[in-house]
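Below: the structure, in structure tokens.
Order of appearance sets the numbers: ligands from 1, and atoms from 1 within every ligand. All values reported here derive from a predicted model rather than from experimental measurement.
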Amino acid sequence: MQFAIVIMAAGKGTRLKSKRPKVLHEVGGKPLIRHVVDAARQIVPPEDIYVIVGHEAGLVRDSVSALGVQFVEQTQQRGTGHAIQTARQAVQGYENVIVLSGDVPLIRPETIRAVRDFHLERRAAMTVLTAAPEDLRGYGRVIRKPNGSDEVQEIVEPKALTPDKEKAREINSGIYGFAGKPLFSHIENLGTDNAHGEFYLTDMAEILVKAGERVVALEAKDPDEVLGANTITEMMAIDGKLRLITARRLMAEGVTIFRPETSVIDSGVMVGPDTVIEPFVQLLGETKVGSECRIRSYSVLEHATVGNHVLVRQGCIISQSRVDDGVLLGPYAHLRPESEIGEGAHVGNFVETKKVRLGKGSKAGHLAYLGDAEIGEGVNVGAGVITCNYDGVAKRKTVIGDNVFVGSDSTLVAPVKLGNGSYIAAGSCITEDVPEDALALGRSRQTIKEGWAAQRRNKKQTL
Ligand code: UD1
Ligand code: CA
């Protein structure tokens, strides 16, 4: 039982002015708490990770409980020091405790490991991860002992800063290593005599120093990594940094991204080399795009799997769907969940699909709705075709064989089957199965009334 990781996530996040608890706000497509838990899981097994929950505890638990972590409930949020006091029962058996903040999401496992190693090497009672960012606002300052020492004198919270201490340019990241014994033998000595009337974990530095224990500081190489997310502005700055990290990773793997600062790409997204991503594209969730594709502007792909040589024209939405090699999509195609678009197929302007399999080389070029349908290979779906899949009670299926021609503006009333090679006349309403190679006409015959229009015009003039 060497190391426990405690993650403080009980606070409300008053500065956000949001109903949602702070740690459930998302950056880079993931809640803050999830970023921190994911990093912690690289260091210790989930049974040694303790998440302190309080404000909206149920929601926070639900967001990470599938990962097998432990929870400690801090019913009243009386400060970061109080949070660790609350965790005492759960973690006092561990030799060392690493404390992470649920609102410092960019922390990398490598850095947590560095804190652990430095803490052990220096045989410290407390190790503070620090940084020297340009903007120090909102952070506690770490005051070191003089003469370039790695030992800390105290941590001073912003509201308690005096002009001389304001000169200290090193901030407290809110990430610490503690030796269990000194931590828990002194933690009850924390007081609330400060601007917020809270128990500050930061006061442990001075308390431990006064008790003759060693408190040391380790500076993070990259100050961005310890950015705190207290306001929406800060969160969006972090989100931008995360997206840019992902865009840079993809570019290093051979993907061209024009104006990467305009794209919104989640960190789990994969894209093959020689694919081009135009400005203002969103690639979200578990989206995978193959190589030599082009994703044109304003397209949004969410949990989409796209093959190679695919052209996604402007303004397409692809969600939870698969698109095979050589497909041509859009502009403005809407692939709703469970659409599978076969090799070389074409789904064009204002075509909506849902739970559909469109076979190899089939085409639906314009203005169609294809839902709950299985469509074979080499099918031509004319402009304005609609699968009437809903009868007011249940969803029903349309099955279209290979090489079928569905004339424009036809309605296919499901359940219905169109046999291989059949031909549907334009404007038909098809309510019965069509045999292979047959022609189906489901419309009234055209009538011609000779001279009718001219007569009407003459009538109007005489009035
Ligand atoms: C804290 C530090 C500050 C540091 C900064 C780094 C203190 C007193 N100050 O300030 O020195 O520079 O982090 O980001 O610790 N929390 C609880 N229970 C509580 C209160 C807070 O679990 O009772 C959790 C919050 O949900 C949050 C974390 O602790 O995830 C930090 O709390 P926050 O109020 O954001 O502290 P800061 O003011 O940012
Ligand atoms: Ca904070």
Side-chain angles (χ1 to χ4, degrees), residues 5-16 18 20-25 27 31-37 40 50-57 59-61 63-64 71-87 90 99-107 126 128-133 135-143 152 154-161 165 168-176 178 187 190-207 217 219-220 223-235 238:
I5 294 186
V6 173
I7 302 174
M8 301 184 290
K12 180 165 187 272
T14 316
R15 286 163 279 185
L16 281 177
S18 160
R20 221 172 351 144
K22 172 160 65 177
V23 296
L24 293 188
H25 278 255
V27 296
L32 299 179
I33 183 67
R34 183 67 205 248
H35 285 275
V36 181
V37 170
Y50 297 82
V51 181
I52 304 183
V53 294
H55 178 69
E56 294 284 14
L59 292 177
V60 178
R61 265 174 205 264
S63 72
V64 290
F71 295 97
V72 170
E73 185 123 4
Q74 185 195 11
T75 7
Q76 267 189 311
Q77 294 86 54
R78 303 183 61 199
T80 47
H82 181 249
I84 302 303
Q85 287 172 345
T86 311
V99 174
L100 305 179
S101 286
D103 65 344
V104 180
L106 298 185
I107 187 69
M126 176 178 183
V128 187
L129 180 67
T130 70
D135 188 356
L136 310 167
R137 277 174 298 177
Y139 295 103
R141 306 285 174 89
V142 176
I143 314 292
V152 171
E154 60 174 334
I155 302 174
V156 185
E157 286 307 284
K159 288 205 170 144
L161 277 174
K165 285 175 184 161
R169 310 299 295 168
E170 199 172 7
I171 62 107
N172 167 26
S173 69
I175 291 167
Y176 317 88
F178 284 101
I187 197 159
L190 287 174
T192 57
D193 182 16
N194 54 52
H196 292 105
E198 288 185 347
F199 295 97
Y200 288 170
L201 185 57
T202 46
D203 287 346
M204 282 310 293
E206 199 182 358
I207 291 176
E219 186 178 331
D224 278 358
E225 206 185 325
V226 298
L227 284 172
N230 298 307
T231 62
I232 295 193
T233 309
E234 284 170 0
M235 277 187 200
I238 291 173

Give the intermediate values and the outcome of side chain to side chain contact (heavy atoms under 4.5 Å, CB included) for residues Leu32 and Val27.
CA-CA 7 Å; Leu32 299 179; Val27 296; 3.8 Å; yes

Please give me the minimum heavy-atom distance between Val142 and Ala217, naming the atom from each residue.
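It is CG1-CB, 4.5 Å.
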
Could you check whether Arg137 pairs with Glu234 (Lys NZ or Arg NE/NH1/NH2 to Asp/Glu carboxylate O, under 4.0 Å)?
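Result for this pair is no, no salt bridge flagged.
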
Could you tell me whether Glu154 and Lys165 have a side-chain N and a carboxylate O separated by less than 4.0 Å?
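Answer for the salt bridge query: yes.
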
Check whether any side-chain heavy atom of Ile107 sits under 4.5 Å from a side-chain heavy atom of Leu129, and report yes or no.
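Contact flag for Ile107/Leu129 side chains = yes.
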
Side chain to side chain contact (heavy atoms under 4.5 Å, CB included) between Phe178 and Met204, worked out:
CA-CA 10 Å; Phe178 284 101; Met204 282 310 293; 4.2 Å; yes

Mind running side chain to side chain contact (heavy atoms under 4.5 Å, CB included) on Ile155 and Met126 for me, showing each step along the way?
CA-CA 12 Å; Ile155 302 174; Met126 176 178 183; 4.1 Å; yes

Under 3.0 Å: N/O/S of Ser101 next to the Ca ion (ligand 2):
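Within the cut-off used here (under 3.0 Å), Ser101 places no N, O or S atom near the Ca ion (ligand 2).
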
What residues sit with at least one heavy atom under 4.0 Å from ligand 1?
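Residues near ligand 1: Met8, Ala9, Ala10, Gly11, Arg15, Lys22, Gln74, Gln77, Arg78, Gly79, Thr80, Ala83, Gly102, Asp103, Val104, Tyr139, Gly140, Glu157, Asn172, Ser173, Gly174, Tyr200, Thr202, Asn230.
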
Kindly give the atom name of the N, O or S atom of Asp103 closest to the Ca ion (ligand 2).
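Distance check against the Ca ion (ligand 2) picks out OD2 in Asp103.
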
